[in-house]
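All remarks here apply to the structure that follows.
Throughout, a chain's letter reflects where its sequence line sits, starting with A, and its residues are numbered from 1. All values derive from a computational prediction rather than experimental measurement.
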There are 2 protein chains.
Amino acid sequence: MHFKIIFVKLVSTRYNISSMDKARVASLIERIGNLLRSEERASGSDSGLQTVHVQILGYLSQCNRYSNTPAAVTEFIGSTKGTTSQSINILEKKGFINKRSDEEDGRVIHLDLSDKGERFIKNEFPPYEFKAALDGLNKNDTERLSQLLTKLLIQLQRKNNGKLFGVCHTCRHFKKFGLDDTHQCGLTLEPLSEKESYQICREHVQLPEKAV
Amino acid sequence: MHFKIIFVKLVSTRYNISSMDKARVASLIERIGNLLRSEERASGSDSGLQTVHVQILGYLSQCNRYSNTPAAVTEFIGSTKGTTSQSINILEKKGFINKRSDEEDGRVIHLDLSDKGERFIKNEFPPYEFKAALDGLNKNDTERLSQLLTKLLIQLQRKNNGKLFGVCHTCRHFKKFGLDDTHQCGLTLEPLSEKESYQICREHVQLPEKAV
DNA sequence: ATTAATAGTATCGATTCGATACATATTATG
DNA sequence: CATAATATGTATCGAATCGATACTATTAAT
């Protein structure tokens with residue numbers, strides 16, 4: 001069975017993006033997000049986890065060592081502190097994460113995935129159907145999609161809360177990989193070159209002096 | 001208006017996409033979706049609407065005349081019939097939509113946006129911050145993003161429930177615009193050329209005989 | 001005619017969510 | 001140093017959502 005998919009590109013002479021296009025992008029993200037949520041519900045139900053819990057575990061598996069706190073999780077989920085606190089307690093009680101208080105700041109708590117949590121993420125995140133769907137795209141498309149979503153996210157965050165400027169290297173969202181020389185912003189998940197990591201970032205949140 | 005047709009063939013890539021890349025795309029969509037939701041919550045609160053209600057109104061403003069039913073809304077939201085029925089009742093009680101029963105099928109109900117609903121969508125969907133963020137991308141990026149998300153959505157739907165093949169023209173998701181000659185699939189939101197609308201679509205759901 | 005399937009509604013219990021209030025630790029200000 | 005302001009996290013409560021189940025009505029299949 002052979003298949004060909006045909007796309008029609010709309011080239012208009014006008015410069016601004018039509019209101020229709022914007023609504024379409026919004027609806028697409030909502031629909032895909034909804035599908036993702038329902039897949040997460042299914043994959044989490046075996047372990048007695050709700051979709052929010054799966055989302056939190058997925059986030060914790062990706063963020064850097066400065067972003068694995070309840071506050072950062074709250075920001076990611078877009079909920080309130082109280083609600084997030086409950087979800088985290090459930091995850092701890094079920095043995096998916098461990099709490100560890102910060103040595104420098106007594107208020108801060110770090111959330112580490114336990115072995116059980118790591119195993120869950122490895123098997124269940126992203127949900128199988130989502131991984132399979134991404135296999136249906138080629139590598140180029142996936143990377144481009146990732147880039148464009150990152151770009152959109154940066155714009156969104158810029159509109160939502162005007163964060164300060166700063167250099168990634170001194171930002172609490174900055175993440176350095178161990179294996180190769182690549183860096184990554186833990187908030188936007190945007191890959192950064194060595195050079196970029198010393199450039200100005202609008203999403204910058206200053207790291208406490210001591211830790212730099 | 002000018003149109004260009006581009007043929008894209010699905011080729012299996014030699015290098016598969018890393019598990020890390022997939023997780024990043026999933027997290028990006030979740031995070032953007034969460035931001036969108038919280039913006040919708042804000043924009044709906046003035047009218048006493050919850051995020052789900054705003055999502056439903058947004059969907060109804062975009063779907064074709066065969067897809068404005070409670071069942072289609074249920075599929076879009078990814079919830080259950082009962083839950084969606086409640087949300088729809090609230091929207092009706094608040095005067096954002098009108099129910100209208102199908103002339104051909106006594107079981108089916110169509111949901112039309114009222115003037116109040118149309119006004120709400122015009123002002124509040126997508127939320128202001130999201131529109132502003134999309135203005136931060138250029139037109140090319142926005143179109144490419146829309147294409148890639150559509151492609152991903154098609155793959156996801158293919159994995160989730162193996163819909164039957166069929167011709168768009170006889171599909172209940174098929175949508176014909178009034179102004180120009182463009183067509184659109186109401187489910188994937190993918191723009192279709194006149195020619196394509198007679199081609200096979202994997203997402204096809206057969207339209208009742210009478211309506212064709 | 002009988003059975004199965006589809007579209008939609010109603011109800012119930014569990015869970016989540018957002019808001020508020022609170023406790024503790026750090027930082028800023030004077 | 002003292003005090004206020006800020007930041008991180010927790011606890012609690014009521015409202016709303018959600019998923020499941022059961023149900024009605026209409027259409028389709030046999």
Side-chain angles (χ1 to χ4, degrees), chain A residues 34 37-42 44-45 48-56 66-94 97 99-111 161 172 205-211, chain B residues 34 37-42 44-45 48-56 66-94 97 99-111 161 172 205-211:
Chain A
N34 286 336
R37 285 170 69 90
S38 67
E39 284 171 7
E40 285 169 346
R41 185 183 323 121
S45 67
L49 297 181
Q50 303 288 337
T51 63
V52 199
H53 303 140
V54 179
Q55 276 197 29
I56 292 176
Y66 304 117
S67 310
N68 59 355
T69 68
V73 172
T74 299
E75 187 185 2
F76 184 88
I77 297 296
S79 181
T80 56
K81 293 189 297 181
T83 304
T84 308
S85 182
Q86 293 177 64
S87 305
I88 288 172
N89 277 343
I90 292 175
L91 281 172
E92 189 195 21
K93 203 183 300 173
K94 286 183 182 288
I97 60 176
K99 288 184 183 176
R100 171 176 51 86
S101 39
D102 193 296
E103 295 91 351
E104 321 243 347
D105 191 331
R107 298 169 301 180
V108 176
I109 287 184
H110 292 279
L111 308 169
N161 42 15
R172 57 200 314 172
V205 179
Q206 189 65 40
L207 200 63
E209 285 286 332
K210 328 154 190 175
Chain B
N34 287 336
R37 286 170 68 90
S38 66
E39 284 171 7
E40 284 168 347
R41 183 182 328 120
S45 68
L49 297 181
Q50 304 289 335
T51 63
V52 199
H53 303 140
V54 180
Q55 275 196 30
I56 292 176
Y66 305 117
S67 310
N68 59 355
T69 67
V73 172
T74 299
E75 188 185 1
F76 183 87
I77 298 294
S79 180
T80 56
K81 293 190 296 182
T83 303
T84 307
S85 183
Q86 294 177 64
S87 305
I88 288 172
N89 278 343
I90 292 176
L91 281 173
E92 189 196 21
K93 202 182 303 173
K94 287 183 184 287
I97 60 175
K99 288 185 183 176
R100 171 175 51 87
S101 40
D102 193 295
E103 294 92 351
E104 322 243 345
D105 190 331
R107 299 168 301 179
V108 176
I109 287 185
H110 292 279
L111 308 170
N161 42 17
R172 57 200 316 173
V205 180
Q206 188 65 42
L207 200 63
E209 285 287 331
K210 324 155 191 174

Reading DNA chain C from 5' onward, which residue's closest nucleotide shows up sooner: A:Thr80 or A:Gly106? A:Thr80
Need one value for B:Ser79: base, sugar-phosphate or nothing, where a base atom within 4.0 Å counts as base even if backbone is also close, heavy atoms only. sugar-phosphate
Is it the case that the side chains of B:Thr80 and B:Thr83 hold a donor-acceptor pair, with the cut-off being a distance below 3.5 Å and no angle test? yes
Of all heavy-atom pairs between B:Gly44 and B:Val54, which one has the smallest distance, and what is that distance? CA-CG2, 4.1 Å
In whole Å, what is the span from the CZ atom of A:Arg100 to the C1' atom of D:dT8? 16 Å
Between A:Leu111 and A:Val73, is there a side-chain heavy-atom distance shorter than 4.5 Å? yes
Rounded interatomic separation in angstrom, taking CG from A:Leu49 and C1' from C:dA14: 16 Å
Under 3.5 Å: donor-acceptor pair, side chain of B:Thr69, backbone of B:Ala72: yes
Per atom distances to the A:Asp105 side chain, the nearest of C:dA19, C:dG8, C:dA25 is C:dA25
It should be established whether B:Asn89 places a side-chain nitrogen or oxygen under 4.0 Å from OP1 or OP2 of nucleotide C:dG8. no
Can you check whether B:Lys99 has a side-chain N or O nearer than 4.0 Å to OP1 or OP2 of C:dT9? yes
Round to a whole Å and report the spacing from CD1 of A:Ile77 to P of C:dG18. 11 Å
Let's see if you can work this out: which of D:dC13, C:dT9, C:dA7 has an atom nearest to the side-chain heavy atoms of A:Gln86? D:dC13
Below the 4.0 Å mark, does D:dC18 have OP1 or OP2 next to a side-chain nitrogen or oxygen of B:Thr83? no
By nearest atom, which of the nucleotides D:dA25, D:dT10, C:dG8 is closest to the A:Lys81 side chain? D:dT10
Counting heavy atoms from C-beta on, name the nucleotide in C:dT16, C:dG18, D:dT8 closest to the side chain of A:Ile90. C:dT16
Are any non-hydrogen side-chain atoms of A:Ser101 and A:Val108 less than 4.5 angstrom apart? no
d(CD, A:Glu104; P, C:dT27) in whole Å: 10 Å
B:Arg107 has a side chain; which of C:dT16, C:dG8, D:dT26 sits nearest to it? D:dT26
Can you tell me which nucleotide in D:dG9, C:dG8, D:dC18 comes closest to the side chain of B:Pro70? C:dG8
Measuring to OP1 and OP2 of D:dA16, would you say a side-chain N or O of B:His53 lies under 4.0 angstrom away? no
Interatomic distance where CG belongs to B:Leu91 and C1' belongs to C:dG8 [whole Å]: 16 Å
Write down the distance between CZ (A:Arg41) and P (D:dC18), rounded to a whole number of angstrom. 9 Å
Expressed in angstrom and rounded to an integer, what is the separation of B:Ile109 atom CD1 from C:dT6 atom C1'? 13 Å
Rounded to the Å, how far apart are B:Glu75 CD and C:dG8 P? 12 Å
Counting the atoms with a prime plus P, OP1 and OP2 as sugar-phosphate, which does A:Gln50 contact under 4.0 Å by heavy atoms, base, sugar-phosphate, or nothing? sugar-phosphate
Distance-only polar pair, side chains of B:Asn89 and B:Lys99, donor-acceptor under 3.5 Å: yes
